Amino acid sequence: MPDASHALNYSLSDAVALANPSTALLGTPTSTTSTITDDDAPPSLAWQRRRFRAAEGAGSGLVTVLLPAPSRYTVTVQYTTSDGTATAGSAYTATSGTLTVGPGATAKSSAVPISNDTASAGAETVQLSLSRPTNATLGAPCPPG
């Protein structure tokens with residue numbers, strides 16, 4: 001799980017006064033550690049949209065991943081492009097890397113370079129993939145439609 005366990009340390013020292021006038025001495029051990037396991041489910045990370053659109057002459061298309069709410073942990077995810085009907089090297093530049101959503105944030109974007117080729121091919125597609133999230137799970141694009 002992404003959340004680390006948290007340790008609480010309790011220490012007892014000195015003599016403990018009892019209800020009657022006598023005192024008791026501490027035995028060993030005089031301290032212990034209790035572990036509180038964080039059982040919160042990790043957030044679900046997903047593309048902001050099922051389909052991103054960009055004009056060929058725009059130079060790049062911006063793609064964004066979202067968390068449903070801020071996390072107190074740094075969330076990372078690997079992303080990569082691959083050919084749909086568009087071909088890397090002529091219609092766009094193949095791109096991959098790591099998107100990092102910092103603590104308290106809910107989104108991170110990256111640009112996919114688009115080439116302004118002269119071929120009349122109509123609308124073309126590029127596949128976008130997410131993988132290997134840390135401190136999150138992969139979810140469905142938001143909104144799912």
Side-chain angles (χ1 to χ4, degrees), residues 1-18 24-145:
M1 287 312 295
D3 296 345
S5 294
H6 304 283
L8 295 177
N9 295 310
Y10 302 97
S11 295
L12 301 174
S13 60
D14 302 323
V16 175
L18 300 175
L25 297 176
L26 291 176
T28 57
T30 59
S31 65
T32 188
T33 300
S34 278
T35 301
I36 300 172
T37 303
D38 191 340
D39 61 356
D40 295 336
S44 179
L45 179 75
W47 290 116
Q48 179 184 26
R49 294 185 179 90
R50 184 170 297 281
R51 292 176 183 84
F52 294 92
R53 297 186 188 281
E56 186 176 58
S60 66
L62 193 64
V63 295
T64 302
V65 294
L66 294 177
L67 290 171
S71 174
R72 62 183 175 164
Y73 300 99
T74 298
V75 172
T76 64
V77 66
Q78 301 296 308
Y79 72 96
T80 188
T81 60
S82 59
D83 290 356
T85 58
T87 304
S90 62
Y92 75 100
T93 301
T95 307
S96 64
T98 302
L99 294 172
T100 302
V101 182
T106 59
K108 185 64 178 183
S109 299
S110 181
V112 176
I114 299 171
S115 303
N116 193 4
D117 61 13
T118 57
S120 178
E124 297 177 288
T125 60
V126 175
Q127 300 295 318
L128 302 168
S129 300
L130 295 175
S131 63
R132 297 190 306 275
T134 58
N135 296 328
T137 60
L138 293 178
C142 312

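Everything numeric here is computed off the predicted structure, so don't read it as measured data.
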Rounded to the nearest 0.5 Å, what separates atom [atom1] in [X] from atom [atom2] in [Y]?
X	Y	atom1	atom2	answer
Tyr79	Thr98	OH	OG1	8.0 Å
Leu62	Phe52	CG	CZ	8.0 Å
Glu124	Ile114	CD	CD1	10.0 Å
Leu99	Thr76	CG	OG1	9.0 Å

Next item on the list: Report the C-alpha separation of Leu138 and Val77 in whole Å, then their side-chain angles, then the decisive distance to 0.1 Å, and conclude whether the side chain to side chain contact (heavy atoms under 4.5 Å, CB included) test is met.
Entry: CA-CA 9 Å; Leu138 293 178; Val77 66; 3.9 Å; yes
Would the distance check show the side chain of [X] and the main-chain N or O of [Y] forming a donor-acceptor pair, the cut-off being under 3.5 Å?
X	Y	answer
Thr81	Ala94	no
Tyr92	Thr125	no
Thr106	Leu67	no
Thr95	Thr93	yes

Check: So Val112 and Leu128, side chain to side chain contact (heavy atoms under 4.5 Å, CB included) or not? Walk me through it.
Finding: CA-CA 10 Å; Val112 176; Leu128 302 168; 4.2 Å; yes
Please name the pair of heavy atoms, one in [X] and one in [Y], separated by the smallest distance, quoted to 0.1 Å.
X	Y	value
Pro42	Ala136	CB-CA, 4.0 Å
Ser60	Ala54	O-CB, 4.1 Å
Asn135	Pro43	O-CD, 3.4 Å

Checklist line | Side-chain H-bond candidate by donor/acceptor type, Thr80 with Ser129, under 3.5 Å | finding: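 Judged by distance alone, the side chains do not pair up.
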